[in-house]
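Heads up: the structure comes next, in structure tokens.
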2 protein chains.
Amino acid sequence: MTENAKTIDDFLRNCEPKLTESATYLLKPFLSVVSLPKKHVLVKEKQICGKVYFICKGASRSFYLQNGVEVHTWFAFENEVIGSLRNFNNLPSRENIELLEESVLIAFDIAGIQTLMQENIEVANFVNVTILEYALFMEDKFFDLHMKPSNEKFSALLAHSPEIFQRVPLTYIASYLGISRETLSRLRAK
Amino acid sequence: MTENAKTIDDFLRNCEPKLTESATYLLKPFLSVVSLPKKHVLVKEKQICGKVYFICKGASRSFYLQNGVEVHTWFAFENEVIGSLRNFNNLPSRENIELLEESVLIAFDIAGIQTLMQENIEVANFVNVTILEYALFMEDKFFDLHMKPSNEKFSALLAHSPEIFQRVPLTYIASYLGISRETLSRLRAK
DNA sequence: GTAATTTTGTGATATATATCAAATGAAATT
DNA sequence: AATTTCATTTGATATATATCACAAAATTAC
């Protein structure tokens, strides 16, 4: 989507696909910058939050509760978009999103952008490309998680998202991979 | 997308979101009906096929080869769309798609439709909605496959896609769930 | 800087599932 | 209808990983 945006203007200037003056002018009212502390909860399970966020700086974890235990679904860092896609269809989120670090985010108002999409083909195609990217990203995750022996799942994650192992506690990663934290610790020892 | 379409006109008349006369007129040249026998291979791993297909009648399996063994990624039936989304970004397919039964399909020319999307906002939003649905569907699959004990993965699949157990060999289903066919057979016995 | 809390690592046992082998059952082919 | 091929079931053993218990290390808070 965009690389290393620090402000709304950065974001709109550098985003992919490129936007014309008129499209950025239309989009701008629906974007805002927010600074939030570690452990802030952006999205709550079973609720509709109405926003998606681009991470300028920081990190987040996504997880849902299953019989009282946290099951992790992903971790995001700079230049990634977080927030439930289900918002676009007015479906409640299935996961919580919490900040792992102090963060700076750009918030997008979904309802406003969806209205724009009906009128402006450039905005429609911009969102289109972003959602397509997300779908392809989900496919990648699906393939990696589908790997059978635990050590291959571990290797796939390490190969495709090494940053996770630098910035996320092992316990959360184990929960994402569907293995116990002890097993992950032992796998990593090799 | 559409329910129970048997012809191109059916499809265009009943599709969701609704299309106007002018949009259906633009789309029509890029659709065609094909009848294919069981075991026909629609999409080959590592190739770009340039089409996606809507299943009017029939069933398919999707799988990739890992060290010579087939690992299944999904099964599709009537009223579902198959074909690699990666085509939209000119990326080769990661999976093979093969028909499990004699089938009738509507083929969509991706390049043609992508050109239309640049000009016609109605077509853009139609494809938009379809891709969004696909992304949400991938999320659902991801959540179900993320279930930890094998019996929960099994139950989740049975609950959300019972048809699979009627029309797909157990061996393929076990391969999708990432468990051995013996274990699946024993799980089902309960 | 010390205490408290959280995170990670190591060992011992229990358990689920893979694997191997063989038998039964169902479909497709001639 | 008979034969071949493919799919499912059942049993016995091996193996990987979960679980439990605790120790060590690293972070965070005071």
Side-chain angles (χ1 to χ4, degrees), chain A residues 36-41 58-61 63 66-72 75 96 98-103 144-158 162-190, chain B residues 36-41 58-61 63 66-72 75 96 98-103 144-158 162-190:
Chain A
L36 293 165
K38 187 171 173 170
K39 292 200 177 168
H40 178 87
V41 177
S60 72
R61 66 182 181 120
F63 62 96
Q66 188 173 34
N67 313 323
V69 308
E70 295 178 348
V71 180
H72 287 78
F75 311 99
N96 307 283
E98 185 188 296
L99 298 177
L100 287 168
E101 306 169 2
E102 193 178 28
S103 303
D144 284 353
L145 209 61
H146 208 272
M147 300 277 125
K148 198 45 235 322
S150 294
N151 57 18
E152 288 191 25
K153 276 199 280 205
F154 164 74
S155 304
L157 186 64
L158 184 59
E163 200 167 18
I164 290 178
F165 290 88
Q166 248 90 64
R167 297 170 75 177
V168 177
L170 220 60
T171 317
Y172 296 167
I173 302 175
S175 148
Y176 170 74
L177 291 171
I179 63 182
S180 72
R181 91 196 113 83
E182 292 94 334
T183 298
L184 181 55
S185 171
R186 283 186 256 255
L187 281 175
R188 198 174 58 159
K190 295 176 200 167
Chain B
L36 294 165
K38 187 170 172 170
K39 294 198 177 169
H40 179 88
V41 177
S60 73
R61 66 182 180 119
F63 62 96
Q66 188 173 33
N67 313 324
V69 306
E70 295 179 349
V71 180
H72 286 79
F75 310 99
N96 307 283
E98 185 187 298
L99 297 177
L100 286 168
E101 305 170 4
E102 195 178 26
S103 303
D144 285 353
L145 207 63
H146 207 271
M147 299 277 127
K148 197 48 233 319
S150 294
N151 57 17
E152 288 191 26
K153 274 198 281 204
F154 164 73
S155 303
L157 185 65
L158 184 59
E163 198 168 17
I164 289 178
F165 290 87
Q166 248 88 63
R167 297 170 74 177
V168 177
L170 218 62
T171 316
Y172 297 167
I173 303 175
S175 148
Y176 171 74
L177 290 172
I179 62 184
S180 72
R181 86 196 116 85
E182 292 93 332
T183 299
L184 181 55
S185 171
R186 282 184 258 255
L187 281 174
R188 196 174 59 160
K190 296 178 202 167

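Worth saying up front: this structure is predicted, and the values here are computed from it rather than measured. Chain letters run A, B, ... following the sequence lines, proteins first and then strands; every chain starts at 1. Basis for what follows: all heavy atoms, side chains included, without hydrogens, waters or symmetry-related copies.
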Nearest-nucleotide 5' precedence on DNA chain C, B/K38 against B/S150: B/S150
Sub-6.0 Å ring centroid separation between A/Y176 and A/H72: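 No: the rings miss the under 6.0 Å criterion.
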A/F154 and A/F165 aromatic centres sub-6.0 Å: yes
Partners passing side chain to side chain contact (heavy atoms under 4.5 Å, CB included) against A/R167 (at least two apart in sequence or in another chain):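 Side chain to side chain contact (heavy atoms under 4.5 Å, CB included) list for A/R167, sorted by chain: A/A59, A/F77, A/E78, A/E101, A/E163.
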Between [X] and [Y], is there a donor-acceptor pair closer than 3.5 Å when you use the side chain of the first and the backbone of the second?
X: B/N96; Y: B/F63; result: yes
X: B/K38; Y: B/E102; result: no
X: B/T183; Y: B/I179; result: no
X: B/S175; Y: B/T171; result: no

C/dT19 phosphate, OP1 or OP2, under 4.0 Å from B/S180 side-chain N/O: no
Take the protein atom [atom1] of [X] and the nucleotide atom [atom2] of [N], then report the distance between them rounded to whole Å.
X: A/L170; N: C/dT6; atom1: CG; atom2: C1'; result: 13 Å
X: A/E101; N: D/dT27; atom1: CD; atom2: C1'; result: 14 Å
X: A/R61; N: C/dT7; atom1: CZ; atom2: C1'; result: 14 Å
X: B/F154; N: C/dA16; atom1: CZ; atom2: P; result: 17 Å
X: A/E102; N: D/dT28; atom1: CD; atom2: C1'; result: 15 Å
X: B/E152; N: D/dA18; atom1: CD; atom2: C1'; result: 15 Å
X: A/K153; N: D/dA16; atom1: NZ; atom2: P; result: 16 Å
X: B/H72; N: D/dA7; atom1: NE2; atom2: C1'; result: 13 Å

Stretch residues 171-179 of chain A: residues that reach within less than 4.0 Å of DNA chain D through a heavy atom: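 Those residues are A/G178, A/I179.
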B/F75 six-ring centre to B/R61 NZ/CZ under 6.0 Å and within 45° of normal: no
Shortest non-hydrogen contact from B/L157 toward B/I173: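 Distance-wise, the nearest heavy atoms are CD2-CG2, 3.8 Å.
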DNA chain C contacts made by residues 181-190 of chain A, counting heavy atoms under 4.0 Å: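 Within residues 181-190 of chain A, the residues near DNA chain C are A/R181, A/E182, A/S185, A/R186, A/R188.
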